[in-house]
**Student:** 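Please find one structure pasted underneath; my questions will follow.
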Amino acid sequence: MRTTNLEGIQELLEGAKKIVIVTHWSPDGDAIGSSLGLKNFFNATINANVTVVVPNSYPSFLHWMKGNNDVLLHTEHPEEVAEVVHEADVIFCLDFNHLGRINDLGLEVEKSSARKCIIDHHPQPGDFAEFILHDVKSSSTCELIYDFIEYLNGVSTIEKEIASCLYAGIMTDTGSFRFPSTSAKTHKVIAQLIEAGVDNSEIYNRVHDNCTEDKLRLLGFCLSEKIKVFKDSGTAYFALSSEELDRFNYQKGDTEGVVNYALSIAGIYFAAFIVERDGVVKMSFRSKGEFNVNEFAREHFSGGGHKNAAGGVSNVSLEETTAKFESLIPK
Ligand code: 5GP
Ligand code: MN
């Protein structure tokens with residue numbers, strides 16, 4: 001279902017002096033693409049100071065987008081971030097819908113008297129914002145940013161740099177246009193972005209064909225040594241310790257997408273990737289078809305996400321987490 005409550009936002013934007021755009025913890029392609037796409041659009045159309053704030057760092061394969069060098073990381077510049085959030089007239093919250101998804105930065109956003117707008121496609125949105133553009137059926141937040149720009153009558157201002165940010169987010173969130181969330185409309189938006197000058201092949205290369213030898217060898221290690229397959233329950237998962245990450249000089253983003261390989265086995269419809277990193281155990285869940293990993297993540301691992309892609313965390317050791325996971329494997 002689509003929820004829109006944007007009445008009055010155009011006037012608000014025309015009068016705004018300071019706009020802040022915030023996205024979720026461990027931002028992915030959709031988070032950074034939507035944030036920088038919207039920032040570049042505002043820079044081209046309104047006379048306001050626009051700052052993109054992200055809770056923590058993100059992989060280097062996302063560093064090429066226009067405006068990336070001005071992104072403020074909360075973990076690195078907490079005081080500066082607190083100040084811009086405090087002084088903002090409007091805050092856009094993109095690709096998340098609960099302040100818990102931005103950790104400590106959520107307290108700053110909550111305290112700020114700025115008027116807030118959520119643009120997002122995750123289920124069960126919170127109600128901390130006055131304005132909302134929300135659609136769980138949308139492939140990505142970037143597709144919703146396109147809709148938002150259309151709502152503001154600004155599609156003609158989408159030039160190559162803006163279009164490239166939005167293209168990157170749609171491409172990554174749809175698994176390069178293969179997930180069921182990819183609609184006819186998604187392809188129409190993509191056609192518009194390519195007409196605006198996007199070099200689709202070049203963006204694919206920047207995001208996917210840009211890895212280190214270590215990253216590729218880590219993938220090989222996961223596939224040959226670490227995957228555990230439970231054929232009878234249609235489940236497969238990987239678990240990696242921090243020592244194993246160190247062995248491959250792990251860099252942020254190096255394990256992104258590994259979980260999907262488990263789903264490529266015939267008969268496997270539920271996959272997990274469990275990793276011990278910075279003292280916590282982080283989990284990624286993916287499914288095919290009706291098994292709802294958003295519910296699974298919420299119920300068992302304090303997480304959330306979408307029906308077929310979700311994540312969560314565990315506060316116990318890697319061994320205890322994998323034992324708990326195995327005990328929950330759907331029958
Ligand atoms: P990933 O496995 O790629 O980190 O995340 C997949 C999806 O689940 C994304 O849509 C992401 O926003 C969501 N997600 C990942 N981790 C968490 C979490 O800890 N809590 C919640 N609520 N959602 C998460
Ligand atoms: Mn997204």
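We count ligands from 1, going down the list as the structure has it; atoms in each ligand are counted the same way. Since this is a predicted model, take the numbers as computed values, not measurements.
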**Student:** Relative to the heavy atoms of His306, which atoms of ligand 1 are at a distance of less than 4.0 Å?
**Tutor:** 10 (O)

**Student:** Near Ala309, which atoms of ligand 1 are under 4.0 Å from a heavy atom of that residue?
**Tutor:**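 Ligand 1 atoms under the 4.0 Å threshold to Ala309: 7 (C), 8 (O).
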
**Student:** Below 6.0 angstrom between ring centroids: does that apply to Phe61 and His208?
**Tutor:**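 Ring centres of His208 and Phe61 not closer than 6.0 Å.
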
**Student:** Centroid separation under 6.0 Å, is that true for the rings of His134 and His121?
**Tutor:** no

**Student:** Aromatic contact between Tyr237 and Phe325, with the criterion being ring centroids under 6.0 Å apart: yes or no?
**Tutor:** yes

**Student:** Assess Arg298 for proximity to ligand 1: is some non-hydrogen atom of it under 4.0 Å away?
**Tutor:** no

**Student:** Using distance alone, with no hydrogens and no angle criterion, decide if Asn97 and His122 have a side-chain donor and acceptor under 3.5 Å apart.
**Tutor:** no

**Student:** Going by the atom numbers of ligand 1, which of them fall below 4.0 Å from some non-hydrogen atom of Ser284?
**Tutor:** 1 (P), 2 (O), 4 (O)

**Student:** Do Ser139 and Ser181 have side-chain N/O donor and acceptor atoms under 3.5 Å apart?
**Tutor:**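 No, Ser181 and Ser139 have no side-chain donor paired with an acceptor closer than 3.5 Å.
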
**Student:** Is it true that His98 lies under 4.0 Å from ligand 1, counting heavy atoms only?
**Tutor:**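 In this structure, His98 fails to qualify as a contact of ligand 1 - no heavy atom is under 4.0 Å.
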
**Student:** Please state which option from Gly304, Ser26, Gly305 has its nearest heavy atom closest to atom 24 (C) of ligand 1.
**Tutor:**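 Ranked by closest heavy atom to atom 24 (C) of ligand 1, first place is Gly304.
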
**Student:** Any salt bridge between Arg298 and Glu295, counting N to O under 4.0 Å?
**Tutor:**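 No salt bridge links Arg298 with Glu295.
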
**Student:** What is the nearest protein non-hydrogen atom to atom 19 (O) of ligand 1, stated with its residue, atom name and distance?
**Tutor:** Lys282 NZ, 3.3 Å

**Student:** Leu38, Phe131: one ILVMFWY side-chain cluster at the under-4.5 Å cut-off?
**Tutor:** yes

**Student:** So that I can tick it off, tell me whether Lys185 and Asp147 are bridged by a salt bridge, with the cut-off set at under 4.0 angstrom between side-chain N and carboxylate O.
**Tutor:**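 Looking at Lys185 together with Asp147, the answer is yes, because their closest N to O distance falls below 4.0 Å.
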
**Student:** Listing by chain and number, which protein N, O or S atoms are under 2.8 Å from the Mn ion (ligand 2)?
**Tutor:**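 Near the Mn ion (ligand 2), below 2.8 Å, one finds Asp30 OD2, Asp95 OD1, His121 NE2, Asp173 OD2.
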
**Student:** Is the shortest side-chain heavy-atom distance between Val22 and Phe96 below 4.5 Å?
**Tutor:** yes

**Student:** Answer yes or no: does an N/O atom from Gly311 fall short of 3.5 Å to an N/O atom of ligand 1?
**Tutor:**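 Yes, at least one N or O pair falls under 3.5 Å.
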
**Student:** Please determine whether side chain to side chain contact (heavy atoms under 4.5 Å, CB included) holds for the pair Ile19 and Asp89, giving the CA-CA distance in whole Å, both sets of side-chain angles, and the decisive distance to 0.1 Å.
**Tutor:** CA-CA 6 Å; Ile19 298 175; Asp89 299 311; 6.0 Å; no

**Student:** Below 3.5 Å, N or O to N or O, backbone or side chain included: is there any such pair between His122 and ligand 1?
**Tutor:** yes

**Student:** Does the pair Lys282/Glu276 count as a salt bridge with the N-to-O cut at 4.0 Å?
**Tutor:** no

**Student:** Closer than 4.0 Å to some heavy atom of Gly303 - which atoms of ligand 1 meet that?
**Tutor:** 20 (N), 21 (C), 22 (N)

**Student:** Would you indicate which of Arg286, Glu256, Arg101, Gln124 comes nearest to atom 12 (O) of ligand 1 when only heavy atoms are counted?
**Tutor:**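 Going through Arg286, Glu256, Arg101, Gln124 one by one, Arg101 has the nearest heavy atom to atom 12 (O) of ligand 1.
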
